Colleague: 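Sending over a structure as structure tokens; questions will come in a sec.
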Amino acid sequence: MQKQLASNHPLHLPEQPSKMIRPKSLKKIGLYAFMSVIGLLQLIPLVWLVLISFKNNKEIQSNSAFSLPETWQFQNYVDAWVQGEIGDYFFNSVIVTTITVIVVLMLGSMMAYALTRMRFRWSGLLSIIILSGVMVPVHATLVPLFTLLRDLGLLKSQLAIILPYITVNIPIAIFILSSFLRGLPKELEEAAFIDGYGVIRAFFHVVLPLLRPALASVGIFVFLNVWNELLMAVTFIQKSSLRTLPLGLMNFSGEYSVEWGPLCAAMFISTIPLVIIYLFFSEQLEKSFTAGSILK
């Protein structure tokens with residue numbers, strides 16, 4: 001009763017929530033503002049590329065880089081796709097990248113499972129030899145690989161570039177997947193063995209579904225690495241019809257002049273798959289960075 005009277009007293013004022021911004025809120029606002037600025041800075045080259053792709057050389061050299069085109073030159077994309085043969089190069093890159101990613105994910109996951117779960121003689125030494133491939137620079141392997149591919153007669157086929165890409169990316173795939181596998185509980189596989197599963201069946205039905213976050217991370221990494229690679233493509237591709245996108249973009253540079261509009265149009269076309277991957281798989285990639293630590 002006394003509490004009720006006290007609450008009805010004319011001098012008693014109800015407590016009001018504090019309107020002061022807490023330090024944690026200020027930090028969060030500052031972090032969001034900083035990340036927004038970084039995001040806008042990252043978009044500047046893409047916006048510049050799109051605007052340049054709709055201009056001609058005269059307008060590019062006379063006007064500001066970020067000014068809107070006076071006349072939108074959609075013909076630049078037609079010239080890049082037809083005359084520049086960017087469509088053929090795009091198709092070649094899709095074939096090479098897709099095959100490389102699939103083979104690296106399959107071989108990398110199997111080898112990582114064998115090295116982390118199975119104990120056999122010289123397994124530790126084999127792991128060191130395979131993972132040492134991460135430290136070998138690509139430039140040091142160009143001449144030996146070129147000689148080997150030439151002797152095998154593969155320089156005029158897509159295997160001349162697919163096989164080196166697979167070889168270069170498998171060590172890093174094994175490294176990432178092995179780290180992830182060490183965080184997975186072995187009890188799941190032991191339960192599968194008790195139920196009558198063999199090693200192969202347990203791998204495909206139990207382990208492989210749990211590796212999805214790590215496989216997504218490795219797949220995106222390999223895709224970006226292969227899609228943008230130029231040095232090995234220049235060295236190993238000896239047939240013009242087998243050129244990939246980075247190598248095909250070099251054809252837009254003439255001896256005395258460069259048509260910047262069609263070149264930027266071709267560059268923008270080459271970035272479309274990368275933008276699609278970022279839009280649809282960025283969340284999956286973010287989860288892959290934290291999944292291993294959560295399991296541990």
Side-chain angles (χ1 to χ4, degrees), residues 32-101 158 161 165 216 219-235 237 239-286:
Y32 285 156
F34 176 75
M35 296 304 295
S36 299
V37 172
I38 296 297
L40 291 175
L41 291 176
Q42 296 294 326
L43 288 175
I44 288 177
L46 184 61
V47 174
W48 175 83
L49 183 65
V50 173
L51 292 177
I52 293 294
S53 67
F54 288 102
K55 298 178 181 179
N56 52 35
N57 279 8
K58 181 179 179 180
E59 192 174 353
I60 292 171
Q61 296 170 2
S62 60
N63 296 343
S64 172
F66 291 97
S67 62
L68 293 177
E70 298 177 359
T71 303
W72 294 81
Q73 302 290 335
F74 292 96
Q75 186 64 30
N76 290 339
Y77 284 86
V78 178
D79 294 340
W81 190 266
V82 179
Q83 298 180 6
E85 299 180 349
I86 203 67
D88 296 335
Y89 304 142
F90 189 94
F91 182 70
N92 291 336
S93 290
V94 169
I95 292 177
V96 171
T97 306
T98 302
I99 295 176
T100 303
V101 170
Q158 287 184 325
I161 195 66
Y165 283 162
I220 294 173
F221 175 81
V222 174
F223 180 89
L224 297 178
N225 190 22
V226 174
W227 189 265
N228 296 320
E229 205 281 327
L230 175 62
L231 181 61
M232 299 180 77
V234 172
T235 306
I237 296 179
K239 196 174 180 180
S240 59
S241 61
L242 300 178
R243 291 178 177 176
T244 55
L245 265 175
L247 186 56
L249 292 175
M250 298 175 61
N251 294 340
F252 287 85
S253 299
E255 184 176 359
Y256 300 104
S257 63
V258 178
E259 291 293 334
W260 293 106
L263 174 60
C264 291
M267 293 174 64
F268 178 69
I269 292 173
S270 67
T271 61
I272 291 177
L274 306 181
V275 175
I276 293 175
I277 285 181
Y278 175 78
L279 292 177
F280 289 95
F281 296 99
S282 59
E283 184 178 355
Q284 183 68 32
L285 182 60
E286 182 181 352

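The residues of the chain are indexed from 1 along the displayed sequence. Please read these numbers as outputs of a predicted model, since none were measured by experiment.
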Colleague: For W81, check ring-ring contact (aromatic ring centres under 6.0 Å, His included) against everything at least two apart and list the hits.
Modeller: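 W81 satisfies ring-ring contact (aromatic ring centres under 6.0 Å, His included) with no residue once adjacent residues are dropped.
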Colleague: My understanding is that only residues two or more places apart in sequence, or in another chain, count here; which of them pass side-chain hydrogen bond (donor to acceptor under 3.5 Å, both in side chains) with N56?
Modeller: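 Here no residue qualifies.
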Colleague: List for me each residue that meets side chain to side chain contact (heavy atoms under 4.5 Å, CB included) alongside V275, sequence neighbours excluded, and say none if there are none.
Modeller: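 Applying side chain to side chain contact (heavy atoms under 4.5 Å, CB included) to V275 gives L279.
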Colleague: Would you please name every residue forming a side-chain hydrogen bond (donor to acceptor under 3.5 Å, both in side chains) with S53, sequence neighbours left out?
Modeller: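 S53 satisfies side-chain hydrogen bond (donor to acceptor under 3.5 Å, both in side chains) with Y77 once adjacent residues are dropped.
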Colleague: For E85 and G87, indicate whether the former's side chain and the latter's backbone hold a donor-acceptor pair under 3.5 Å.
Modeller: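 Flag not set: sc E85 to bb G87 has no pair under 3.5 Å.
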Colleague: Output the distance between atom OG1 (T271) and atom CD1 (I269), rounded to the nearest 0.5 Å.
Modeller: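 Those atoms lie 9.0 Å apart.
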Colleague: List for me each residue that meets side chain to side chain contact (heavy atoms under 4.5 Å, CB included) alongside V47, sequence neighbours excluded, and say none if there are none.
Modeller: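 V47 satisfies side chain to side chain contact (heavy atoms under 4.5 Å, CB included) with L51 once adjacent residues are dropped.
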Colleague: Please answer whether the main-chain N or O of S62 pairs with a side-chain N or O of E59 as donor and acceptor at a distance below 3.5 Å.
Modeller: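 Judged by distance alone, no pair lies under 3.5 Å.
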Colleague: Run I220 and I277 through side-chain contact (heavy atoms from CB on, under 4.5 Å) and show every step you take.
Modeller: CA-CA 8 Å; I220 294 173; I277 285 181; 4.2 Å; yes
Colleague: Name all residues meeting the side chain to side chain contact (heavy atoms under 4.5 Å, CB included) criterion together with W260; count only those two or more places apart in sequence or in a different chain, and write none if there are none.
Modeller: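 Checked W260 against side chain to side chain contact (heavy atoms under 4.5 Å, CB included); matches are N57, I60, V258, L263.
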Colleague: side-chain contact (heavy atoms from CB on, under 4.5 Å) for L274 and N228? Distances and angles first, verdict last.
Modeller: CA-CA 10 Å; L274 306 181; N228 296 320; 3.8 Å; yes
Colleague: Donor-acceptor pairs under 3.5 Å, side chain of residues 66-73 to any protein atom, not counting sequence neighbours: which ones?
Modeller:
unit_1: S67; atom_1: OG; unit_2: K55; atom_2: NZ; d: 3.2
unit_1: S67; atom_1: OG; unit_2: S64; atom_2: O; d: 2.7
unit_1: E70; atom_1: OE2; unit_2: N63; atom_2: ND2; d: 3.3

Colleague: What's the shortest heavy-atom distance between F268 and V50, and which atoms?
Modeller: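 Heavy atoms of F268 and V50 come nearest at CE1-CG2, 3.5 Å.
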Colleague: Test side-chain contact (heavy atoms from CB on, under 4.5 Å) on L40 and I44 and set out the steps.
Modeller: CA-CA 7 Å; L40 291 175; I44 288 177; 5.9 Å; no
Colleague: My understanding is that only residues two or more places apart in sequence, or in another chain, count here; which of them pass side chain to side chain contact (heavy atoms under 4.5 Å, CB included) with I237?
Modeller: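 By the side chain to side chain contact (heavy atoms under 4.5 Å, CB included) rule, I237 matches I161, A233, L242, R243, T244, L247.
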Colleague: Whether the side chain of S93 engages the backbone of W227 through a donor-acceptor N/O pair (distance < 3.5 Å, no angle test) should be reported.
Modeller: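 The answer is no, because no donor-acceptor pair under 3.5 Å joins these two groups.
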Colleague: Out of curiosity, Y89 OH to S240 OG, how far, rounded to the nearest 0.5 Å?
Modeller: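 If I round to the nearest 0.5 Å, the distance is 6.5 Å.
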Colleague: Taking only residues two or more places apart in sequence or in another chain, which ones pass ring-ring contact (aromatic ring centres under 6.0 Å, His included) with F74?
Modeller: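 ring-ring contact (aromatic ring centres under 6.0 Å, His included) list for F74, sorted by chain: F54.
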Colleague: So which atom in S270 and which in L245 form the shortest heavy-atom distance, rounded to 0.1 Å?
Modeller: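 Distance-wise, the nearest heavy atoms are CB-CD1, 3.7 Å.
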Colleague: What pair of heavy atoms forms the shortest contact from I52 to C264, and how long is it?
Modeller: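 The pair with the smallest heavy-atom distance is CG2-SG, 3.1 Å.
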Colleague: Sequence neighbours left out, what passes side-chain hydrogen bond (donor to acceptor under 3.5 Å, both in side chains) with N92? Give chain and number order.
Modeller: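 Once residues adjacent in sequence are excluded, N92 has no partner under the side-chain hydrogen bond (donor to acceptor under 3.5 Å, both in side chains) criterion.
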Colleague: Going from OH on Y165 to CE on M232, what distance comes out if it is rounded to the nearest 0.5 angstrom?
Modeller: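 The CE atom of M232 is 6.5 Å from OH of Y165, to the nearest 0.5 Å.
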